[in-house]
Amino acid sequence: DAGVTQSPTHLIKTRGQQVTLRCSPKSGHDTVSWYQQALGQGPQFIFQYYEEEERQRGNFPDRFSGHQFPNYSSELNVNALLLGDSALYLCASSLRAGEQYFGPGTRLTVT
Amino acid sequence: ELKVEQNPLFLSMQEGKNYTIYCNYSTTSDRLYWYRQDPGKSLESLFVLLSNGAVKQEGRLMASLDTKARLSTLHITAAVHDLSATYFCAVDHGSSNTGKLIFGQGTTLQVKP
């Protein structure tokens, strides 16, 4: 049974660019949540997708947007990248709002 | 706004010793989670605590929840080097289960031989 997968593993972008991160949930899960973890900090909730709609959102600007596909996979898009967007981006999947299982993360570096 | 605070933030201990990590949260919540994170890695789920008085144990780790005090503890018994990692508690944001987790700052545990 495949767990949560994320791609790419690492990414380097330049300020002002746009980036798309991808997440495939654990088999049987229908909800995807995204978190940003800056170095030395706890993860911060970005948003949650269920039934292809954004259901909840944390305190992140509109530069952060997402999408969920009919197969439950999800994308996180960040526009106009800032140096402060450098972080580990974690995707977590769950069945509705049940226990979340985290993927390996995507390490984004903005230069 | 829900706030989650852990203490201590850093803990250096000798192998064989016992210690407790504390997690306080500011508003009512139905669920509390403990995760482990190794450097450069993702989060590994340790415990899910669902009700007042819940206690769960796995190996040398035991977690408990007191919803009235809004406090959870993670107790380490006879620490070994393999337990060195950062431990996070996370609380579900809503009074009913929402799936929006608010994390503490993390406690970095260093176990010395």
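Predicted model, so just to flag it, every value in this text is computed and none were measured. Sequence lines set the chain letters: A, B, ... in the order given, protein chains first and strands last, and positions in each chain run from 1.
When heavy atoms are compared at a cutoff of 4.5 Å, K41(B) approaches chain A solely by way of its backbone atoms N, CA, C and O. With a threshold of 4.5 angstrom between heavy atoms, R57(A) approaches chain B through N, CA, C or O but not through any side-chain atom. For chain B, no part of S94(A) is nearby; none of its heavy atoms comes within less than 4.5 Å. No part of F47(A) comes within reach of chain B, as not one of its non-hydrogen atoms sits under 4.5 angstrom from that chain. Looking at Q37(B), only its side chain comes within 4.5 Å of chain A, counting heavy atoms on both sides. At a 4.5 Å heavy-atom cutoff, the contact between Q56(A) and chain B is made by side-chain atoms alone.
Between chain B and the options Q100(A), Q48(A), Q41(A), the largest number of non-hydrogen pairs under 4.5 Å is found for Q100(A).
The aromatic rings of F60(A) and F64(A) lie perpendicular to each other, with more than 60° between the two planes, well past the 30° mark.
By the 6.0 Å contact criterion, CG on N59(A) is open, its count of non-hydrogen atoms from other residues, nucleotides or ligands being 12 or less. Atom CZ of F45(A) has more than 12 heavy atoms from other residues, nucleotides or ligands within 6.0 Å.
Not one N or O on the side chain of N77(A) forms a donor-acceptor pair closer than 3.5 Å with the backbone of T20(A).
The distance from atom CD of Q6(A) to atom OG of S24(A), rounded to the nearest 0.5 Å, is 9.5 Å.
When only modelled atom types and interatomic distance are considered, H75(B) and T20(B) share a side-chain donor-acceptor pair under 3.5 Å. Remark: the T98(B) side chain and the D92(B) side chain contain an N/O donor-acceptor pair separated by less than 3.5 Å.
Contact annotation: the side chain of V32(A) never approaches that of Y50(A) to less than 4.5 Å [non-hydrogen atoms, C-beta and beyond].
Heavy-atom neighbours of chain A within the stretch residues 102-113 of chain B, taken at a separation under 4.5 angstrom, comprise F103(B), G104(B), Q105(B).
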Got a list of side-chain donor-acceptor pairs under 3.5 Å for residues 104-111 of chain A, not counting sequence neighbours?
residue: T106(A); atom: OG1; partner: P8(A); partner atom: O; Å: 2.5
residue: T111(A); atom: OG1; partner: K13(A); partner atom: O; Å: 3.4

